[in-house]
Amino acid sequence: MSDRHQDFELLQRFTRQGEQSAFADLVRRHLDLVFGTALRKVEDLGAAQEVAQNVFTALARKAWRFAPDDSLPAWLHKAALLESKSWLRGELGRRRREWTAAELGTTMNTPEEQPVFRPLLPLLDEALLSLREKDRTALLLRYYESQSLRDVGAAFGVSEDTAQKRVQSALEKLAGFFKEHGFKTASVAAAAAALQSTATSASGTMVSTVVSAVLKAAPPALTGLGALLARMASLSRVRTAAVCVALAAVPVAWQLNQRYGSANETRWIHAQLLAAQNELAVVQAEIARLRGTSGRLERFMAQSNEAAALAAESAQAFEAWKRRIRGLVTATDYRWDDDSPFARIPKAVLPKLSELSGAEPFSPPGVVLPYARELMGLTASEREAVEEALRQSFAEVESKLDAGIHETNVTSPGRIPDTALAARVFIVPALLDEEAKQPGDKMLAEVRSIVGEDRWPLVEARLLEERGGHRYSGGLRSILSQSQQDLAVWVETDDKGTPTMGYGFNGGVATMGKRPLFMFLPEGSPSRIEGAEDFGRGFLSKTMRQRAATWLQEQAIARVGKNEKP
Amino acid sequence: MNKVLLALTILGAGGGAFLTARQSTTQLQREADDNRGAWLTQTQLVAVAQKDRAALSEHVRQLREVLAQAPTATENPLWSAFQTNRVGHLPPELRERLLEELGFNWQSSEEFIVVSKETIHDIWMRTIQDCKLTEIASTVLALTPAERSQVEAVMQRVQTDFNDWAQLHTERTEPKGDVVAQYTLLNDPALSVSNNFAKGVFDAVGKQRAELILPDIPEFLFVVGIRREPLTMIVKRSMAGNEQRLKVEIFEGTEQASRYGGRWASVSSRGNFPPAFRPVFPNGWADVAEREGFELPEEPGEK
């Protein structure tokens, strides 16, 4: 065990268990150092003993504060110096100093009698204090406690050689201090000599005296908090730091744990808050949507109610109107009413009215004209049946007429203009009596059976011979006509050179003016003009129209611009 | 001493850390309390909103139910279509549907048939014949005796007015060469006679029926003798072998009128006299011959 640890062990035993012998051992181990240091300062044996006694008393009081790594010799040396100074500052001390000074002044008058290191002595302790603790301890152990180099090495846990080197190094530093303070001749040897010369050995009596005095003033062994503090004080720095860290860490950790919990709780509540806010937003959006829907539906409802009211009002008005119209037209004293869209006609005059009428009741390819439908009071089914009979009959006559259609270039003089570039005549020969009569009679019989005998006179009236001044371009009589039909078409140019077409029907009865030839160009042709669809509509049979249109299209294609591809 | 400082430093740092952590914890707890309060408020708001939503959903459901059950109330399309068309201009299909709605067809009455006024127009019936209203027109247009008398009075007045006007506006041209007689009936630029006639008919029977009568007015005016252009009658003498013949040429303006027997109509005591000149020559060719001093050729039957 090193000296240092031995010192610590003794201090422990003294502070914890109150072992006075342990403290006595400490005094015994270091009294020389303390006493010697004090004696150098106070230069009085009694005072030095008093200082040593005070130093060890202080040690007994502060023994609990020492750690295993602390150097007790270094502490004792410093305490001795401080105590010495304190003593010297005292009044008694001053007196003694004055006396000593007088004595020294006498001595200093004979410098030749002084050794070389003598001037160094006043600065010796200051020089020791300037050293690092390890260097100072090494020198204190070596010179003031008279330990061997081996023991010094053991105190530091190093070899003897190393201890020697440390002592030597410490001496060099000491000498360096002296040199810095004006002692140019100060050497290692001088420093060692100074140390050796100032080493003092305390007597065994002094040891007992000091121990006895100290132990009387020493505090009792520490217990409880004191013991704990003493124990803590006795810990090394690392351990102290570890204990303190542990002591500090617990509440900090606890607080951090609290904080962690609070943070988690805050996060959770915040998440809940956000979720609630989101839910609120969603619900509010839904409410807004529902309000919109509700508003829309309420508007629909209002509109529906309004429409219902209007419809009811309208229905009432319609019913009232119907009652009024029925009343007007069925009244015994029937009068014409300008507000009524209807009028009544006695059935008795209908045949005569039909006879005097200038309108045809039917038209190709099988239509009962609106006025005739009303005049005969046809129901929808009757109308359909009559029109079907008409269609069949007209189609039969038409096919017979179309079968005989032929073309020729020969025409009567003056029929086609001299300016015509090309011309063609389409002829439908007259049907034989039987050919025309057969489908006509069949159709009339069917119509008669459909409309009945009471309405038949209205149709029959239209079969009367043509009356003066009236000509029928279509309808019943023309369909049943047996006479020849012919259509002359020709192509010429107008004043601007544009190709035109003209035509004459049945020897010029229906002759139209000039019309653009290019209306017969095929669909999609850029030069095509609308209007070909109306050509011959209403008086030409479908076949005759197609034949003529085909010839006119050939003429148009032949005369359209050369660059155009119709 | 160093240990004490070290311990104090560590404990101080620990204390500082503790205080910092405590302060942070307190702040977090305060924040949590605030958030909890806000959360509670939000939760209450959500509850209120959910209640509102439920009420609104129910309201919407009820509205939809009511709307789904409500019959589609729309105006009768037939009535609606009738409202948008003027009387006298109804489309054929609408007229027929209205008649069907009213229950009128051939079977609905033994006595009469009900038709639209458009049909009466489309029949093109003769309303005036021989300067008189036809019976059929009077019947179909339901003219009362008073209305008919009024119209016929108007027609009579037109003829009288024309006679007066023609006597004042017939000009004679002195015969020359083979022309034995030449008379010109000037036209009425203001068409006052025809206009008065149309107005009289309108006043008598109203617009609707007047429009049904008016298509025959030109024919009536023609028969009466009223023209748009001056009418010129030229009687010329010609020889057919040893036989002398008289022919008449009629011009409306500068155009030859074809309705008087072609380019050259024979003049005879029996007829073929242009009616427009009747007011001046009531007895026709006989009066003209007497006035101009030529003899009418004998009719074949007179020999």
Side-chain angles (χ1 to χ4, degrees), chain A residues 237 240-241 244-245 248 251-252 255-256 258-259 262-263 265-266 269-270 272-273 276-277 279-280 283-284 286-287 290 293-294 297 300-301 304 307-308 310-311 314-315 318 322 325-326 329 334-336 338 341-347 349 352-353 356-359 370-371 374-375 377 379, chain B residues 3 6-7 10-11 14 17-18 21-22 24-25 28-29 31-32 35-36 38-39 42-43 45-46 49-50 52-53 56-57 59-60 63-64 67 70 73-76 79 87 90 92 96 102 105-106 111-117 119-120 122-126 136 139-142 206 208-209:
Chain A
R237 286 182 186 173
T240 302
C244 288
V245 166
V252 170
Q255 197 58 51
L256 286 174
Q258 289 287 102
R259 186 187 177 284
S262 297
E265 187 184 9
T266 304
I269 293 171
H270 190 64
Q272 294 299 317
L273 174 62
Q277 285 174 337
E279 188 177 359
L280 181 62
V283 174
Q284 282 176 336
E286 181 74 4
I287 285 172
L290 284 169
T293 306
S294 171
L297 289 173
F300 287 159
M301 182 78 87
S304 174
L310 283 174
S314 163
F318 193 28
K322 287 195 288 187
I325 297 299
R326 283 196 199 102
V329 296
Y334 165 72
R335 299 285 181 86
W336 183 278
D338 279 355
F342 301 107
R344 82 181 196 191
I345 302 173
K347 284 182 176 177
V349 304
K352 185 70 177 170
L353 179 63
L356 290 178
S357 168
Y371 94 88
E374 286 187 28
L375 208 60
T379 62
Chain B
K3 281 197 300 181
L6 178 64
I10 292 170
L11 290 172
F18 175 80
R22 182 174 175 73
S24 174
T25 304
L28 281 169
Q29 284 174 342
E31 192 179 335
N35 280 343
R36 189 178 289 109
W39 176 32
Q42 287 293 315
T43 307
L45 288 173
V46 168
Q50 283 174 336
D52 289 350
R53 180 178 62 180
L56 265 173
S57 292
H59 181 55
V60 167
L63 281 173
R64 283 192 170 134
L67 275 172
T74 53
E75 195 176 12
N76 186 311
W79 178 240
V87 171
L90 303 180
E96 287 177 56
L102 287 163
N105 54 36
W106 185 262
E111 310 290 325
F112 57 84
I113 179 81
V114 177
V115 297
S116 65
K117 288 175 177 173
T119 285
I120 293 176
D122 293 344
I123 290 172
W124 290 10
M125 65 177 174
R126 293 289 296 274
I136 197 117
T139 306
V140 171
L141 299 179
Q208 279 183 4
R209 286 181 291 179

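Numbers restart at 1 for each chain; the letters A, B, ... are given by sequence-line order, proteins then strands.
- In this structure, chain B has no heavy atom under 4.5 Å from any part of A:Ala315.
- Remark: B:Ile113 CD1 to A:Leu353 CG distance equals 12.0 Å, nearest 0.5 Å.
- The closest donor-acceptor contact from the side chain of A:Arg326 to the backbone of B:Leu102 lies under 3.5 Å.
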Apply side-chain contact (heavy atoms from CB on, under 4.5 Å) to residues B:Ile120 and A:Ile345 and explain how you reach the verdict.
CA-CA 9 Å; B:Ile120 293 176; A:Ile345 302 173; 4.2 Å; yes

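- For B:Leu63, the parts sitting under 4.5 Å from any heavy atom of chain A are the backbone and the side chain alike.
- Applying the side-chain contact (heavy atoms from CB on, under 4.5 Å) test to A:Ser262 and every residue at least two apart in sequence or in another chain returns B:Thr25, B:Leu28, B:Gln29.
- Both the backbone and the side chain of B:Gln50 come within contact range of chain A, judged by heavy atoms closer than 4.5 Å.
- Residue contact with chain B, scored on non-hydrogen atoms closer than 4.5 Å, is absent for A:Leu310.
- A cation-pi contact, defined as under 6.0 Å to the ring centre and within 45° of the axis, links A:Lys347 to B:Trp106.
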Mind running side-chain contact (heavy atoms from CB on, under 4.5 Å) on B:Leu141 and A:Trp336 for me, showing each step along the way?
CA-CA 7 Å; B:Leu141 299 179; A:Trp336 183 278; 4.0 Å; yes

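- Crowding of A:Lys322 atom NZ: a count of heavy atoms from other residues, nucleotides or ligands under 6.0 Å exceeding 12.
- Using a 4.5 Å cut-off on side-chain heavy atoms (C-beta onward), A:Leu290 and B:Ser57 make contact.
- Interface residue B:Ile136: only side-chain heavy atoms are found under 4.5 Å from chain A.
- Considering every non-hydrogen atom in both B:Lys117 and A:Phe342, the closest pair reads CE-O, 3.9 Å.
- Although no hydrogens or angles enter the test, the distance criterion places no donor-acceptor pair under 3.5 Å between the side chain of B:Gln42 and the main chain of A:Leu273.
- Residue A:His270 qualifies as open at atom NE2: its count of foreign heavy atoms under 6.0 Å is 12 or below.
- No more than 12 heavy-atom neighbours from other residues, nucleotides or ligands sit within 6.0 angstrom of CZ on B:Arg22.
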CA sep, side-chain torsions, deciding dist, call: B:Glu111, A:Arg344, side-chain contact (heavy atoms from CB on, under 4.5 Å):
CA-CA 10 Å; B:Glu111 310 290 325; A:Arg344 82 181 196 191; over 6 Å; no

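- When heavy atoms are compared at a cutoff of 4.5 Å, A:Glu286 approaches chain B solely by way of its side chain, counted from C-beta outward.
- Nearest heavy-atom pair, B:Gly14 versus A:Val252, reported as atom, atom and distance to 0.1 Å: O-CG2, 2.9 Å.
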